[in-house]
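The structure under discussion appears below in the form of structure tokens.
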Amino acid sequence: MPLTAAVFLALAALAYALGSIPTGVLVVRRVAGKDIRRLGSGNIGATNVRRTVGTEAALLVLAGDLLKGAVPVGLALLAAPLMGGGVAGSVGVAGAVLCAFCGHLFPLYSRGRGGGKGVATALGCYAIAAPVACGVALVVFLGTVWRTRMVSAGSLAAATVLPAFAWMTGRPAAVVAVSVVTGGLIFLRHADNIRRMRRGTEAQLSKKRRP
């Protein structure tokens, strides 16, 4: 197997394995002795952890989800010269983004079930692959959450603007294309949230989650 293909496949496998680590499940089991999948909305992400277990546990989950996106993408960026640099290297980085993100959504260790919505893991990925665009998306996220008091609305707004800013800041075409794919998957994972927003029943930071 050519070196470029071998490096690409190794990075993709590593990214998927790291992305699959169920940070929320592990942290909540450790700090509270409970299964986060049976609490609140059942989602394993930091937002549900904050609502059901507490802020400290949520911060640990957030840090873990960020790292499992940032680490494999950072390694892919360092390994880009081994994949030939240029287009091949950018494809390797984009592949690491997609595999880490999909690992969180469709975890290896639970046969593709019980994954999260991918926002924090995507943030970790794009902090490395498209840092300026990621910074803009983070500002949009925070501004939207501040105005609406809904984390879901901020997540959707950030997923919407990131591809455009990745393109405008000159990121490789492969990274821009993957940002469109991950943004679309974030919207799909937020389908229930979107329905609740339309009904006016989506949970807000200043309010308790409705049963």
Side-chain angles (χ1 to χ4, degrees), residues 1-27 37 43-46 61-134 137-138 155-156 158-160 162-163 165-167 169 171-191:
M1 179 183 296
L3 178 61
T4 297
V7 173
F8 179 86
L9 291 174
L11 287 169
L14 176 63
Y16 182 64
L18 290 177
S20 293
I21 296 172
T23 314
V25 175
L26 298 175
V27 168
R37 294 166 294 189
N43 190 269
I44 65 173
V61 173
L62 177 62
D65 285 348
L66 288 169
L67 284 172
K68 70 184 190 182
V71 169
V73 177
L75 291 174
L77 198 61
L78 291 173
L82 295 177
M83 293 182 279
V87 174
S90 65
V91 169
V93 172
V97 170
L98 185 60
C99 289
F101 179 79
C102 286
H104 182 77
L105 267 60
F106 313 107
L108 170 68
Y109 312 113
S110 57
R111 299 181 181 179
R113 298 189 296 271
K117 296 179 180 177
V119 177
T121 301
L123 178 62
C125 290
Y126 291 112
I128 305 298
V132 176
C134 184
L138 181 58
S155 300
L156 295 171
T160 299
L162 191 140
F165 280 95
W167 175 72
T169 54
R171 301 316 301 156
V175 172
V176 175
V178 164
S179 72
V180 174
V181 174
T182 56
L185 288 170
I186 286 173
F187 266 79
L188 287 175
R189 298 295 271 199
H190 281 80

Sequence-distant partners of K68, salt bridge (Lys or Arg N to Asp or Glu O under 4.0 Å), two or more places apart: D65
Heavy-atom closest pair, residues A137 and L162: CB-CD1, 3.9 Å
Heavy-atom closest pair, residues G116 and N43: CA-ND2, 3.7 Å
Which atom of V97 lies closest to which atom of A129, heavy atoms considered: CG2-CB, 3.9 Å
Check: V181 and F101 side chains under 4.5 Å, non-hydrogen atoms: no
Selection residues 112-124 - residue pairs positive for side-chain hydrogen bond (donor to acceptor under 3.5 Å, both in side chains), sequence neighbours left out: K117-N193
Partner residues of R37 under the salt bridge (Lys or Arg N to Asp or Glu O under 4.0 Å) criterion, sequence neighbours left out: D35
Residue pairs fulfilling salt bridge (Lys or Arg N to Asp or Glu O under 4.0 Å) with at least one residue in residues 70-99, sequence neighbours excluded: none
For the student: nearest non-hydrogen atoms of C125 and V73, plus distance: O-CG1, 3.7 Å
Least distance between heavy atoms, A96 atom then A76 atom: CB-CB, 3.7 Å
Donor-acceptor pair, side chain of S20 and main chain of L108, under 3.5 angstrom: yes
Side chain to side chain, I21 and L26, heavy atoms closer than 4.5 Å: yes
Inter- and intrachain pairs under salt bridge (Lys or Arg N to Asp or Glu O under 4.0 Å), touching residues 89-110, at least two apart: none
I44 side chain reached by H104 side chain, heavy atoms, under 4.5 Å: yes
Nearest heavy-atom neighbours spanning V176 and P163: CG1-O, 4.1 Å
Side chains of V93 and P172 in contact at under 4.5 Å (non-hydrogen atoms): no
Could you pull out every donor-acceptor pair under 3.5 Å between side chains of residues 7-18 and any protein atom, sequence neighbours left out?
| from | atom 1 | to | atom 2 | distance (Å) |
| --- | --- | --- | --- | --- |
| Y16 | OH | F106 | O | 2.6 |

Side-chain heavy-atom pair V87, V91 within 4.5 angstrom cut-off: yes
Close side-chain approach of Y126 to V178, heavy-atom, < 4.5 Å: yes
Check: A133 main-chain N/O paired with R171 side-chain donor or acceptor under 3.5 Å: no
